[in-house]
Amino acid sequence: MSLSDHPRAYGTAALAVAFIAGIFVTLGFKDLYPELEEEYQRRRRRKTRRSSAGESRRSSLFFGGPVQLEDHESSTDLSLPPSGFHDGIVDGIEGCIGHTPLVRIRSLSAATGRTILAKAEFLNGAGGSPKDRVALHMIEVAESAGLLQPGRGDTIYEGTVGSTGISLATLARARGYRAHICMPNDMAIEKSTLLHHLGATVERVDPAPITSPDHFVNLARRRAAEHTASASTESRGFFADQFESPANYEAHLQTTGPEILQQTAGKIDAFVAGAGTGGTISGVAKYLKEEAKLKNVRIVLADPQGSGLYNKVRHGVMYSSTEREGTRRRAQVDTIVEGIGINRLTANFEAGRELVDDAVRVSDEQACRMARWLVEHDGIFAGSSTAVNFVAAVSTALKMPPGSVVVTVLCDSGTRHLSKFWKRIGEMGLEEGNDSEEGGQRGEGEEDLVRAIGLSR
C-alpha cells in the first residue's frame, strides 16, 4: 500500500519532512550568520522586558509563548533600545575611560624583531590620557569619604603640569564640581588654554623647588585649605594630591594592569613606562608581579634627562648630574619633556619601586627623533612623554631575545605639545624634506632605527 493511496498520511509525512528540513536550515543559518543569532537574541530580550512591564501579550500559534505585538510601520522601533539595556551604551563621559586598545607598533616591531605594543591611553574619552583613570578614581574615593559632594559648590584643587588637570577639569564638570589648577608657567601654553576652555581656574606660577610654599603643588594644597576654611560658603575645597594619594597607583592596579594582562593573554616580557607621579609604573608593576604572579616580567623605567629616578633605580641614589652646582638651567627637571621625570620620591613611585628592574635614560634629542620616526613610519602623532617611553621600549627590546613582547604607554597626543616639544623638533630640522624621494626610501631595519633615534648600543 503506497502513500498515494492515503492522501492524509502522505500530507503528514510531507509536513514532517519539511519541518525537519526547516530545523537544519535554521541551524545552518545560525552557524553561518552569527550576527543573525545575536540580533534574534537581542530582540527576544527586548520583547521579554516589555512583556514583564505589562505590555499586551498573545499566545504563539506554534510554541504557546508570549508574543509582543509590534507596529512595524512606526519609526520608533528602529531607534536604540532604552538606556541601560544596550551593551553599547555607557553612562556619561566616565564610561569612556578605560578599556583602551593595545596597539602593535609595526615599524618598531619589524625593525627590532620583537613585538612592541602600546597601551593607547590617549583614547581615554575624558581628558585623553592615562590621567583619566587616576582623576576618576581620586574623585570616587573622595566622594565615598564625604570630601566631595555634588551640588554643594565644591572645588577640586590640583598641582599638575597639565594632563591630570585636564582630566580633573573635565570630570569635575561632569560630576558637579569646579576645578582650580596650579601649574608651572613653563609648560606648553596649549595645556592651560585648554583648561580655561574647560571652565577651570588656572594659576600659572614660576617654577620653584618642592620645599618652597610657592611650588605649584604646595600652592594647590594651600588654596584648597583656604577654600574649606572660608566662613562665607558651605562648599569645600578638595586637594586631589596626585603625587601622594594612593588612589593614583590603585587606579592602574585595578584597571590598566588587568587590561594589559587580558590583551596580551599573559604573554608579556617587559613593561616600560615613565614616572611623574609614579602611579602608572607602580600600579601596573604591582598587578603584573604581585596579583598576576608574572615573576619573569621585567619592569623598566623610562626616564628623561635631568630626572633623578634613573640613578635611584640603577644605583639606589636619587641624583641627577644636572644638580651639580653651576649646571642647573631651571628649577625643575632639566628637560623639554613634560609629564615625567622628577627629582624627588613620591608615595606613588615608592609603592612599586622595589618591583622596578631597570631604567633607561632618554635624552631630549632621542625623544624628538623618536617622535618624528613615529609620525613618518606609523602615523602616530605623540607627545614628549610617549616619545621617551618608546625610546626606552626599543632599548629594552633590543636587550631581550627575538620574539619578546614589550608593552609601553602611548600617553597623549602631540597636539598638547606644539609650542614646546614639537617646536624643538622643527628647530632641529627633523621635519625638513619629509616628502622627498630620498626621505621615502629610508631603511627600516634595526640599524636604521638605532641610527635614526640616536640610540647607544
Side-chain angles (χ1 to χ4, degrees), residues 92-94 97 124 126-187 191-251 276-279 332 339 342 344 346-348 351:
I93 196 67
E94 299 94 324
I97 298 173
N124 281 306
S129 79
K131 298 300 184 180
D132 277 2
R133 300 176 188 263
V134 175
L136 178 59
H137 191 51
M138 289 193 300
I139 291 173
E140 290 175 338
V141 170
E143 289 174 338
S144 298
L147 301 176
L148 284 173
Q149 181 177 313
R152 190 171 60 186
D154 293 352
T155 299
I156 301 172
Y157 293 81
E158 184 59 294
T160 170
V161 298
S163 291
T164 304
I166 292 168
S167 296
L168 283 171
T170 305
L171 292 170
R173 286 297 180 180
R175 298 176 81 92
Y177 308 115
R178 298 184 178 93
H180 186 120
I181 305 300
C182 301
M183 63 190 304
N185 58 19
D186 58 353
M187 295 296 106
K191 294 182 179 181
S192 56
T193 300
L194 177 56
L195 284 165
H196 279 298
H197 287 303
L198 289 171
T201 299
V202 182
E203 284 191 75
R204 288 174 65 95
V205 299
D206 291 336
I210 188 63
T211 53
S212 169
D214 295 324
H215 184 275
F216 64 98
V217 172
N218 296 331
L219 178 61
R221 181 186 291 107
R222 187 166 72 249
R223 292 283 188 256
E226 291 169 351
H227 181 146
T228 300
S230 174
S232 62
T233 176
E234 295 182 355
S235 66
R236 302 182 63 172
F238 170 68
F239 175 50
D241 199 13
Q242 61 165 328
F243 288 90
E244 309 301 326
S245 171
N248 184 336
Y249 82 80
E250 287 172 358
T277 64
Q332 287 184 286
I342 194 170
R344 72 179 193 274
T346 67
N348 278 283

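Since this is a predicted model, take the numbers as computed values, not measurements.
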Counting only N and O atoms by type, is there a donor-acceptor contact under 3.5 Å from the side chain of [X] to the main-chain atoms of [Y]?
X: R173; Y: G199; answer: yes
X: T170; Y: I166; answer: yes
X: R204; Y: S192; answer: no
X: N124; Y: R133; answer: no

For [X] versus [Y], what's the shortest heavy-atom pair and its separation?
X: A208; Y: H215; result: O-CD2, 2.8 Å
X: F216; Y: C182; result: O-CB, 3.5 Å
X: I342; Y: G276; result: CD1-O, 3.6 Å
X: P213; Y: N218; result: O-CB, 3.6 Å
X: A172; Y: I156; result: CB-CD1, 4.1 Å
X: H137; Y: A247; result: CD2-O, 3.0 Å

Would you give the length of the straight line joining atom [atom1] of [X] to atom [atom2] of [Y], rounded to the nearest 0.5 angstrom?
X: R344; Y: T211; atom1: CZ; atom2: OG1; answer: 10.5 Å
X: I97; Y: S129; atom1: CD1; atom2: OG; answer: 9.5 Å
X: N348; Y: E250; atom1: CG; atom2: CD; answer: 9.0 Å
X: T160; Y: L168; atom1: OG1; atom2: CG; answer: 7.5 Å
X: L195; Y: I181; atom1: CG; atom2: CD1; answer: 6.0 Å
X: R221; Y: F243; atom1: CZ; atom2: CZ; answer: 10.5 Å

Side-chain donor-acceptor pair under 3.5 Å between [X] and [Y], yes or no?
X: S167; Y: D132; value: yes
X: T228; Y: R236; value: no
X: Y177; Y: Q149; value: no
X: T277; Y: Q242; value: no
X: H180; Y: E158; value: no

Would one find more than 12 heavy atoms of other residues, nucleotides or ligands at under 6.0 Å from atom CZ of R178?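 No, the 6.0 Å shell around CZ holds no more than 12 heavy atoms from other groups.
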
Yes or no on side-chain contact (heavy atoms from CB on, under 4.5 Å) for F239 and V217, after CA distance, side-chain angles and deciding distance? CA-CA 9 Å; F239 175 50; V217 172; 3.9 Å; yes

Please evaluate residues R152 and S235 with respect to the criterion side-chain hydrogen bond (donor to acceptor under 3.5 Å, both in side chains), reporting the C-alpha separation (whole Å), side-chain torsions for both, the decisive distance (0.1 Å), and the verdict. CA-CA 5 Å; R152 190 171 60 186; S235 66; over 6 Å; no

From CA spacing to verdict: side-chain contact (heavy atoms from CB on, under 4.5 Å), V161, M187: CA-CA 6 Å; V161 298; M187 295 296 106; 3.5 Å; yes

Output, in order, the C-alpha distance, side-chain angles, deciding distance and verdict of side-chain contact (heavy atoms from CB on, under 4.5 Å) for D214 and V205. CA-CA 8 Å; D214 295 324; V205 299; over 6 Å; no

